[in-house]
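Below, read A as the first sequence line, B as the second, and so on, with proteins coming before strands; counting in each chain starts at 1.
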2 protein chains.
Amino acid sequence: MNNTKRKRLESKGWKIGTASEFLNLSPEEAAYVDLKLALSRSLQQTRQEKKMTQEQLAKLLKSSQSRIAKMEAGDPSVSLDLLVRSLLVLGTSRKGLARMLSERRTALVA
Amino acid sequence: MNNTKRKRLESKGWKIGTASEFLNLSPEEAAYVDLKLALSRSLQQTRQEKKMTQEQLAKLLKSSQSRIAKMEAGDPSVSLDLLVRSLLVLGTSRKGLARMLSERRTALVA
DNA sequence: TGATTATATGTCAGGAATGACATATATTAT
DNA sequence: ATAATATATGTCATTCCTGACATATAATCA
């Protein structure tokens, strides 16, 4: 997976285009990253729709504000598990998740 | 999350009904478990459709046969991350994943 | 403006997931 | 029936993710 390289790139603020355009990412790796980014965005959106602060969500999830911030920022240190569990505590259904996954577009510009 | 309790129950071979029927699982926890079980099944199905052995998939995923077996068995020790990455290396698309998530039915009988 | 509240970023000890391995049990051939 | 192949189950050291905390940087408001 080479987390380190991705982390390094991202820390430079160079998110350009789709994750699949990062050099040296296999298609599956790219798909995996895209997927997490899609969920990150959905998480932030859902939380904001519910007019919750990161602090409040953190409490609900028994996590911490910093974790939530990292999740929403698409930090590679956060797992799919945590992303999904966050969405679930916000009341997202399986169908809802499915919709988030199929959402078109992933390109991000810094 | 109380993995231990679930592990203990499951190890007894008592998977009955939906995960949500396990005592003391909050709705989100139950949804999370159901979700993983759904992906477990999809994984096995997909692998078999591709006429692959667990060993072959393991190699493709750079994992091990035992991990694959555990995944397909719905072992609580495996993460969503690994499940999803497995499906991705098998060529599952985001849409495909979404379909797997919304699949009806979760009840399992031992 | 400065105070308050929200979010971002960095670090780290502790806990959870991992691949590897051994080995048991099915399943399928011959 | 027995060999060969596939899958299941258990254990463990290493690796990765976690919550917690400190602190920086925004955003909102008096």
For this session: Let me know which of Gln44(A), Lys51(A), Met52(A), Lys50(A) forms a side chain to side chain contact (heavy atoms under 4.5 Å, CB included) with Gln48(A).
Result: Gln44(A)
Seminar exercise, completed: The single option from Leu80(A), Leu25(A), Leu37(A) that satisfies side chain to side chain contact (heavy atoms under 4.5 Å, CB included) with Tyr32(A) is Leu80(A)
Seminar exercise, completed: Of dT18(C), dT9(D), dT18(D), the nucleotide closest to the side chain of Ser77(B) is dT18(C)
Problem set entry | Among dT7(C), dT18(D), dA17(C), the nucleotide that comes nearest once only the side chain of Ser79(B) is considered | dA17(C)
Exercise. Looking just at side-chain N and O atoms, do Glu55(A) and Gln65(A) make a donor-acceptor pair shorter than 3.5 Å?
Worked result: no
Exercise. Do you know the tightest heavy-atom contact between Ala58(A) and Ser64(A)?
Worked result: CB-C, 3.4 Å
Atom pair distance, as rounded to whole Å: [atom1] in [X] and [atom2] in [N]:
| X | N | atom1 | atom2 | result |
| --- | --- | --- | --- | --- |
| Leu57(A) | dT7(C) | CG | P | 10 Å |
| Ile68(A) | dA20(D) | CD1 | P | 11 Å |
| Lys59(A) | dA6(C) | NZ | P | 14 Å |
| Glu72(A) | dA26(D) | CD | P | 17 Å |
| Asp81(B) | dC16(D) | CG | P | 13 Å |
| Gln54(A) | dT9(C) | CD | P | 11 Å |
| Met71(B) | dT9(D) | CE | C1' | 15 Å |
| Asp75(B) | dT7(D) | CG | C1' | 14 Å |

Exercise. CG/Leu82(B) to CZ/Arg67(B) distance, rounded to the nearest 0.5 angstrom?
Worked result: 7.0 Å
For this session: Measure the CD-OG distance between Glu28(A) and Ser86(B) for me, rounded to the nearest 0.5 Å.
Result: 11.0 Å
State whether the side chain of [X] and the backbone N or O of [Y] hold a donor-acceptor pair below 3.5 Å, judged by distance alone.
| X | Y | result |
| --- | --- | --- |
| Thr92(B) | Leu88(B) | no |
| Glu72(A) | Ala69(A) | no |
| Ser102(A) | Ala98(A) | yes |

Exercise. Between Arg85(A) and dC17(D), is there a side-chain N or O to OP1/OP2 distance below 4.0 Å?
Worked result: no
Exercise. Would you say dA6(D) has OP1 or OP2 under 4.0 Å from some side-chain N or O of Thr53(B)?
Worked result: no
For this session: Enter the inter-axis angle for the ends of the helix from dT1(C)-dA30(D) to dT30(C)-dA1(D) (five pairs per end, rounded to 10°).
Result: 50°
What pairs of nitrogen or oxygen atoms, one from the protein and one from nucleotides 21-30 of chain C, lie under 3.5 Å apart?
unit_1	atom_1	unit_2	atom_2	d
dC21(C)	N4	Ser66(B)	OG	2.6

